[in-house]
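Have a look at this one.
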Amino acid sequence: MLHMENIKHKHILITGATGGIGSEAAKLLKQSGAELYLSGRDKSKLDELAERLEVPASQRFVVDFEQVAQIEGMVSSIPSLR
């Protein structure tokens with residue numbers, strides 16, 4: 001069983017954050033104190049979710065996972081993945 005208190009201050013990347021499962025996971029993880037990084041293909045949906053969860057613009061990524069350069073750009077922007 002996952003103990004959500006173990007999530008506090010962890011850096012977590014959620015791909016597909018604008019979808020149903022991704023957005024619900026983001027909400028739960030944010031409530032548990034995680035430091036979120038969100039990615040999705042739809043900028044307006046991504047910004048809407050991120051603003052509700054108070055995720056800074058620097059931690060939001062519009063990414064098409066068929067585009068390697070976009071993935072590399074996202075990964076290089078996340079301090080804990082460098």
Side-chain angles (χ1 to χ4, degrees):
M1 175 177 242
L2 176 65
H3 295 283
M4 295 303 275
E5 62 272 4
N6 295 338
I7 300 297
K8 194 169 188 172
H9 304 299
K10 299 287 184 186
H11 291 232
I12 298 175
L13 169 63
I14 300 177
T15 61
T18 57
I21 293 172
S23 64
E24 289 302 314
K27 291 173 195 173
L28 289 171
L29 291 164
K30 182 67 174 186
Q31 290 171 357
S32 297
E35 185 70 27
L36 295 181
Y37 294 83
L38 306 176
S39 74
R41 288 183 291 176
D42 186 316
K43 183 178 179 351
S44 62
K45 286 182 181 180
L46 185 63
D47 286 341
E48 180 183 322
L49 174 65
E51 288 172 19
R52 272 197 324 255
L53 298 179
E54 299 179 353
V55 174
S58 63
Q59 293 174 214
R60 310 172 194 176
F61 305 94
V62 177
V63 176
D64 177 345
F65 276 82
E66 292 183 7
Q67 304 297 319
V68 174
Q70 290 180 14
I71 298 167
E72 290 171 343
M74 176 186 66
V75 169
S76 69
S77 298
I78 299 174
S80 58
L81 295 180
R82 287 189 217 149

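If you're wondering where the values come from, they're calculated on a predicted model, not measured in any experiment. Counting begins at 1 with the first residue of the sequence.
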Report summary line: Of Q59, H9, K8, the one forming a side chain to side chain donor-acceptor pair (under 3.5 Å) with E35 is Q59

Report task. Heavy atoms only: give me the nearest Y37-I78 pair and the separation to one decimal. Result -> CD2-CG1, 3.7 Å

**Report entry** Closest non-hydrogen atom pair, F65 against I71
**Finding:** O-CD1, 3.5 Å

Query raised in the report: How about K43 and R60: do any of their side-chain heavy atoms sit closer than 4.5 Å?
Result: no

Report summary line: A17 and L49 have their tightest heavy-atom pair at O-CD2, 3.2 Å

Query raised in the report: What are the two closest non-hydrogen atoms of T18 and D42, and how far apart are they?
Result: CG2-O, 4.1 Å

Query raised in the report: Which one of T15, V62, D47, I14 satisfies the side chain to side chain contact (heavy atoms under 4.5 Å, CB included) criterion with L38?
Result: I14

Query raised in the report: In terms of side-chain geometry, is the basic nitrogen of E48 or K45 positioned less than 4.0 Å from the acidic oxygen of its partner?
Result: no

Report summary line: Note: K30 and E54 closest approach over all heavy atoms is NZ-O, 3.7 Å

Requested in this report: Tell me, with the steps shown, if R41 and E66 meet side-chain contact (heavy atoms from CB on, under 4.5 Å).
Outcome: CA-CA 11 Å; R41 288 183 291 176; E66 292 183 7; over 6 Å; no

Query raised in the report: Okay, side chain of Q70, backbone of D64: is any donor-acceptor separation there less than 3.5 Å?
Result: yes

Query - L13 CG to S39 OG distance, which is reported to the nearest 0.5 Å - result: 5.0 Å

Query raised in the report: After noting the C-alpha distance and the side-chain angles of Q31 and L28, does the key distance pass the side-chain contact (heavy atoms from CB on, under 4.5 Å) rule?
Result: CA-CA 5 Å; Q31 290 171 357; L28 289 171; 4.0 Å; yes

